[in-house]
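As structure tokens, the structure follows; a few thoughts come after it.
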Protein chains: 2
Amino acid sequence: MARAATTTDAFNAVAEPRRREILEVLARGERSVGDLVGELELAQPQVSKHLKVLHEVGLVAVREDGRRRLYRLNGRGLKPIHDWVARFEQHWEDRFGVLDAVLEELQEEP
Amino acid sequence: MARAATTTDAFNAVAEPRRREILEVLARGERSVGDLVGELELAQPQVSKHLKVLHEVGLVAVREDGRRRLYRLNGRGLKPIHDWVARFEQHWEDRFGVLDAVLEELQEEP
DNA sequence: CCATCGTATTCCCATATGGGAATACGTCAA
DNA sequence: TTGACGTATTCCCATATGGGAATACGATGG
């Protein structure tokens, strides 16, 4: 088996940096594909492809406007990630994590 | 270019479900490879491989104990994900996100 | 109806994944 | 030493990614 498809879930979709950037821009408001091409340094086809992935996993929504398509963020799609990560929150808020990191580095010295 | 390596960062490492499971088990305490093989339904080699990835991105730490290797969670490694996702928190706490989802579904009916 | 704009889709390719199976390696017990 | 144990590494392979380039498609204006 190969790696899970990027369209499998939000975790996989968001693993790609450019897609994260797209979401960040959309967080500031609705954008057309062309807008995104301009704000990010990406070619139009790749933007469309990334948007397709994001749409398939429900992270963005589309709306038609003449020849253009306006995309907007659907923040709810990120909640699963938030919830999963939140379970580990105490693991970095205490000092043990820090201590572990230090011990780790000492041990791994070549 | 292909997809970014799983060892690129926490985002990529955590995109794999089994690796998430491993982290969940380690959140309950230190474990040897064998322990993990038992608790998860995974073969030893795959567990070792996944642990290698998690270790490379700093999500777990190791400690030698005779023939065994005890792995433990390094929660701090998840903070970047937490912080990134947190920026979108308001986007699902208000009702707009819900409304968007509804409108989306209405529009996408075939 | 045609040209153009805004987007989406297709094709090509280098890359590496994750699982299975087999094997190598290091440590401990006898 | 030797054998067994606990882990790590290697090999093989089907799969699909993401970028670049080219092209297809739908809507609009003239």
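In what follows, every chain begins at residue 1, and chains take the letters A, B, ... in the order their sequences are listed.
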Once rounded to the nearest 0.5 Å, what's the spacing between atom OG of B:Ser32 and atom CZ of B:Arg67? 13.0 Å
How many whole angstroms separate atom CD of B:Glu56 from atom P of C:dG18? 12 Å
Between A:Ile81 and B:Val14, is there a side-chain heavy-atom distance shorter than 4.5 Å? no
Check whether any side-chain nitrogen or oxygen of A:Ser32 sits under 4.0 Å from OP1 or OP2 of C:dT7, and answer yes or no. yes
Decide yes or no, distance alone: a donor-acceptor N/O pair under 3.5 angstrom between the base of C:dT7 and the side-chain of A:Arg69. no
Keeping the roles fixed (side chain from B:Arg31, backbone from B:Tyr71), state whether a donor-acceptor pair exists under 3.5 Å. no
D:dG26 C1' sits how many Å from A:Glu64 CD, rounded? 10 Å
Could you state the interatomic distance from CZ (A:Arg3) to CG (A:Asn12), rounded to the nearest 0.5 Å? 8.0 Å
A:Lys52 NZ - D:dG18 P separation (whole Å): 13 Å
Between D:dG19 atom C1' and A:Glu21 atom CD, what is the distance in whole Å? 15 Å
Looking at B:Arg3, I'd like to know whether one of its side-chain N or O atoms comes within less than 4.0 Å of OP1 or OP2 on C:dA14. no
To the nearest Å, how far apart are B:Arg63 CZ and D:dT7 C1'? 16 Å
Using heavy atoms and a sub-4.0 Å distance, could you list which residues of residues 34-49 of chain B are near DNA chain C? By number, please. B:Pro45, B:Gln46, B:Lys49
Taking five pairs at each terminus, the helix from C:dC1-D:dG30 to C:dA30-D:dT1 shows an axis bend, to 10°, of 10°
Nucleotide nearest B:Ala2 when distance is taken to its side chain, options C:dT17, C:dT15, C:dT7: C:dT15
In whole Å, I'd like the distance from the CZ atom of B:Arg18 to the C1' atom of C:dG19. 10 Å
Position toward the 5' end of DNA chain C (nearest nucleotide), B:Asp65 or A:Arg68: A:Arg68
State, yes or no, whether a side-chain contact exists between A:Leu36 and A:Leu26 at a heavy-atom distance under 4.5 Å. yes
Going by the salt bridge (Lys or Arg N to Asp or Glu O under 4.0 Å) test, which pairs reach into residues 42-61 of chain A, not counting sequence neighbours? none
Rounded at 0.5 Å granularity, tell me how far NE2 in A:His91 sits from CG in B:Asn74. 11.0 Å
Rounded to the nearest angstrom, tell me the gap between atom CG in A:Asn12 and atom C1' in C:dG18. 13 Å
Report yes or no: do A:Leu59 and A:Val25 belong to one cluster of Ile/Leu/Val/Met/Phe/Trp/Tyr joined by side chain heavy-atom distances under 4.5 Å? yes
I want to confirm an ordering. Mapping B:Arg67 and A:Val53 to their closest nucleotides on DNA chain D, which one lands closer to the 5' end? B:Arg67
Between C1' of C:dT27 and CG of B:Leu70, the distance in whole Å: 14 Å
C:dA8 phosphate, OP1 or OP2: any side-chain N/O from A:Tyr71 under 4.0 angstrom? yes
Are B:Glu16 and B:Val53 side-chain neighbours, meaning at least one heavy-atom pair lies under 4.5 Å? no
Rounded distance [0.5 Å steps], CD in A:Glu21 versus CD in A:Glu39: 11.0 Å
